[in-house]
Structure formats: structure tokens, C-alpha cells
There are 2 protein chains.
Amino acid sequence: MKLTREADYAVRVVVELASRPPAAIVPSRAIAEQQQIPGAFLAKVVCGLARAGLIRTLRGSGGGLQLARPAAETTLRQVVEAIEGPIRLNRCLREPGACPLQSRCQVHGVWRRVQELLLRELDAVTMAELARTPGEPRDPRTAGASAGAPAGS
Amino acid sequence: MKLTREADYAVRVVVELASRPPAAIVPSRAIAEQQQIPGAFLAKVVCGLARAGLIRTLRGSGGGLQLARPAAETTLRQVVEAIEGPIRLNRCLREPGACPLQSRCQVHGVWRRVQELLLRELDAVTMAELARTPGEPRDPRTAGASAGAPAGS
DNA sequence: TCATAATAGGACTAAAAGGATCCTATTACT
DNA sequence: AGTAATAGGATCCTTTTAGTCCTATTATGA
Ligand code: FES
Ligand code: FES
């Protein structure tokens, strides 16, 4: 019932890319330092993101990572599912027929409803929104654009 | 991002108990058959539920499981958390300070909001509601206490 | 052009959690 | 007291997760 570490890192990577100028090429090492991700582990995360088509990678000297699409067109759900696969709260929601009791299972409907709610929520958040730093002004120009800033923990 | 199997089983156990007469004593074997849970694994699930105080166990011949409280007073969240521990979508929501970036992390607020939503939803569902079978009538023979071995399959 | 340095890509290994099973202690019934 | 039925806990195996290492690829500069 919790996000994997890899997915957490993935989100940070995309947010970091989204908070830079569009189509900027950023070496993964810079992202690792900025977001406190173990450098060696980052490679694996990047691989998953690239395979899902969310980012583009450029090898060789002067290479790095680049958003494949505008940040506003990538949702939080897409990033998480790129790493973890489709979000299904329970096994029977992933493989219909896995549970022989499904027809008379009273809880099934609840899980499905909650999952739908969760997905809708994650779909509603785009990387562009997350890129606007609430407390720390990364880019001064966009400082006034952000709406109500949620309070930190 | 998915429920553990053990928690899934736990919910079924409590629902099964809730759908019988109040304070009924049901041997775990009957529950295992009714809910298609591996009999040997069920012991572990039961142990967790009993330790959390959700059910009461009676050892020895004629013993079995029993709801510790009225079904209406136990929520879906309580059952899940009894097995999995507190529901926290991300590590930084479990241990504040685990992530050094928390102050400037843009995603944190989103996770917290979604988690809050999820918890509220699970809190709103009681075992009594789940016990009422929506469309399918439960087998009348097994509605009583521990009579004999229920008909197989 | 060729050597070199910088970079991502994928294979590999250790650790943790999940899933399941066995055996033992306890109770009631005969 | 003996016996059968039942939960409780300890234990083992499997799967997933987290992390590291090495290799292939590309641009750059001598
Ligand atoms: S069959 Fe899906 S939750 Fe029970
Ligand atoms: S610090 Fe909690 S999500 Fe980033």
C-alpha cells in the first residue's frame, strides 16, 4: 500500500526536468545531486522512464536527459505507472477471474471505487504544476503564477 | 501501491464473521473454505487480527473466532492497518525528516492529500455494511454457529 | 582520424518483505 | 486421564525491491 522507492525517484526526476527551461538537456549526475538520488540507482530509474517514452536520453559526451513532451502533458499517474505498471489496489482488480469469489465478494466494489478515486486524483496533477516550486523560488518569473500553496508537513 | 495478500485475507475473515449472527464462534477452517483462503496461511492472518484486538480467539475443541466488537464499529481501515500497519503512501509521510528535500519537495503535498482522501474513504466503510450481501443471498446452512463441517466446495 | 573522456544502458548482486507451511500449546469432550 | 479439535507461534521458501557494477555509445579534441 505504498509507493516504491523507484517510483518516488522517478517523479522527482521528471519534476526536476520540468522545472528547467523546456527541452533542456540535463546530465543525470546533476539530477542525482539536486534530488538526492543515489547516482548509480538513478540509471535504472532513467531507463524505465525512457522505455515508457516519458523522457528522451542522449548518450555520449554532452548528453543527458530531456523531457519527451511538454511538462503540462505528463501526469503524475503516467510517471508512477511507467515504473510500477498499472495501479491496481488489489490482485482481483488486476486479473479478473483470479478470485473465484468475485461475484459474491462484498469488498470488491469498495476497492474498485477507491482505486478509481485514486487514479482520478493522480491524473489531475501535471508535471507542469509540480514544477512550480511553492516555497523555494527556482525560477523568479513564475513566482506569482502558483495558486494556493499547500502547507508543508 | 497495492494491498498485501494478507490484508486482503484479513478483510475477508472479518466480513465473514460479520455476516453471521453476532458473537457467533466460527472455526477458522470453516472460514478458510468459505473464503478460499489457504488454511495454513489463515493462522497468521488470524494472529494479526487477534493481536490488534479486532477479533477474539477461543482455543481448544469447539473454539474458533469471534468478533471482538459489533461489526458496525469496525472500519475497513482498521482491518487493513491491523495487518499492514499505518497506511502511508510514501516513506516521507511515515518518517518525517527521512527526506532531506521535504521542505522544497513539490510532490509532498500531493501525496499527503491523496493519502488523506484514501484514509477517509476506508474509514467510511464499516464491516456491517460489507456483511450485507448486495445481490447474492448467502448460504442459509452456514449461517449458524459451528454445527458440523459445511458441505465442501 | 584516432584516442579519450563523458554519458546512458543494461546485467548483476544483496537485502528485505511477502507468502506459505509445519509443529506445539491449549481446550473441550468422552 | 485420554483423545480429538483448535488456535498460536516459529520457521522456511519465494518474490520483490534496492542498490552497485560493468559495458556500449557518442561527442570532443589532439
Ligand atoms: S474479489 Fe475483488 S476484493 Fe474480493
Ligand atoms: S519529501 Fe515527501 S514526497 Fe518528496
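The sequence lines fix the lettering, A, B, ..., with proteins before strands; numbering per chain opens at 1.
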Discussion item. Between A:Q35 (side chain only) and A:Y9 (backbone N and O only), is there a donor and an acceptor less than 3.5 Å apart?
Written reply: no
Worksheet item: Taking the side chain from B:E84 and the backbone from B:T4, do they hold a donor-acceptor pair closer than 3.5 Å?
Response: yes
Practice prompt. On DNA chain D, check which nucleotide each of B:R56 and A:R59 is closest to and give me the residue with the more 5' one.
Written response: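 That would be B:R56.
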Fill in: Of A:G62 and B:A40, the one whose closest DNA chain D nucleotide lies more 5'
B:A40
Item to complete: Indicate, yes or no, whether a donor-acceptor pair under 3.5 Å links the base of D:dG8 to the side chain of B:K44.
Response: no
Tell me the interatomic distance from [X], atom [atom1], to [N], atom [atom2], rounded to whole angstroms.
| X | N | atom1 | atom2 | result |
| --- | --- | --- | --- | --- |
| A:L3 | D:dT17 | CG | P | 11 Å |
| A:I55 | C:dT7 | CD1 | P | 15 Å |
| A:Q66 | C:dT7 | CD | P | 16 Å |
| B:R29 | D:dA4 | CZ | C1' | 11 Å |
| B:L42 | D:dA7 | CG | P | 8 Å |
| A:E6 | C:dA15 | CD | P | 19 Å |
| B:I31 | D:dA7 | CD1 | C1' | 12 Å |
| A:F41 | C:dA14 | CZ | C1' | 13 Å |

Worksheet item: Where do A:R20 and A:E16 come nearest, in terms of heavy atoms and distance?
Response: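 Looks like NH2-OE2, 2.9 Å.
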Worksheet entry | Contact summary for A:R88 and B:K2, nearest pair of heavy atoms | O-CB, 3.3 Å
Discussion item. With a 4.0 Å limit, can you tell me whether A:S28 has a side-chain N or O closer than that to the phosphate oxygens OP1/OP2 of C:dA8?
Written reply: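 A:S28 to C:dA8 OP1/OP2: side-chain N or O found under 4.0 Å.
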Item to complete: Check whether any side-chain N or O of A:S61 sits under 4.0 Å from OP1 or OP2 of C:dT4, and answer yes or no.
Response: no
Discussion item. Taking the side chain as everything from C-beta on, heavy atoms only, tell me whether A:L17 gets closer than 4.5 Å to A:I31.
Written reply: yes
Check every atom of [options] against the side chain of [X] and return the nucleotide holding the closest atom.
| X | options | answer |
| --- | --- | --- |
| A:C47 | C:dG10, D:dT6, C:dG18 | C:dG10 |
| B:T4 | D:dT6, C:dG18, D:dG9 | C:dG18 |
| B:A50 | D:dG8, D:dG9, D:dT20 | D:dG8 |
| B:R5 | C:dG9, D:dG19, C:dA20 | C:dA20 |

Fill in: Interatomic distance, B:I37 atom CD1 to B:D8 atom CG [nearest 0.5 angstrom]
8.0 Å
Practice prompt. Kindly compute the distance separating CD (A:Q106) from CG (B:L130), expressed to the nearest 0.5 Å.
Written response: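 Between A:Q106 CD and B:L130 CG, I get 7.0 Å after rounding to 0.5 Å.
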Practice prompt. Using five pairs at either end of the helix from C:dT1-D:dA30 to C:dT30-D:dA1, determine the angle between the two local helix axes and round it to 10 degrees.
Written response: 10°
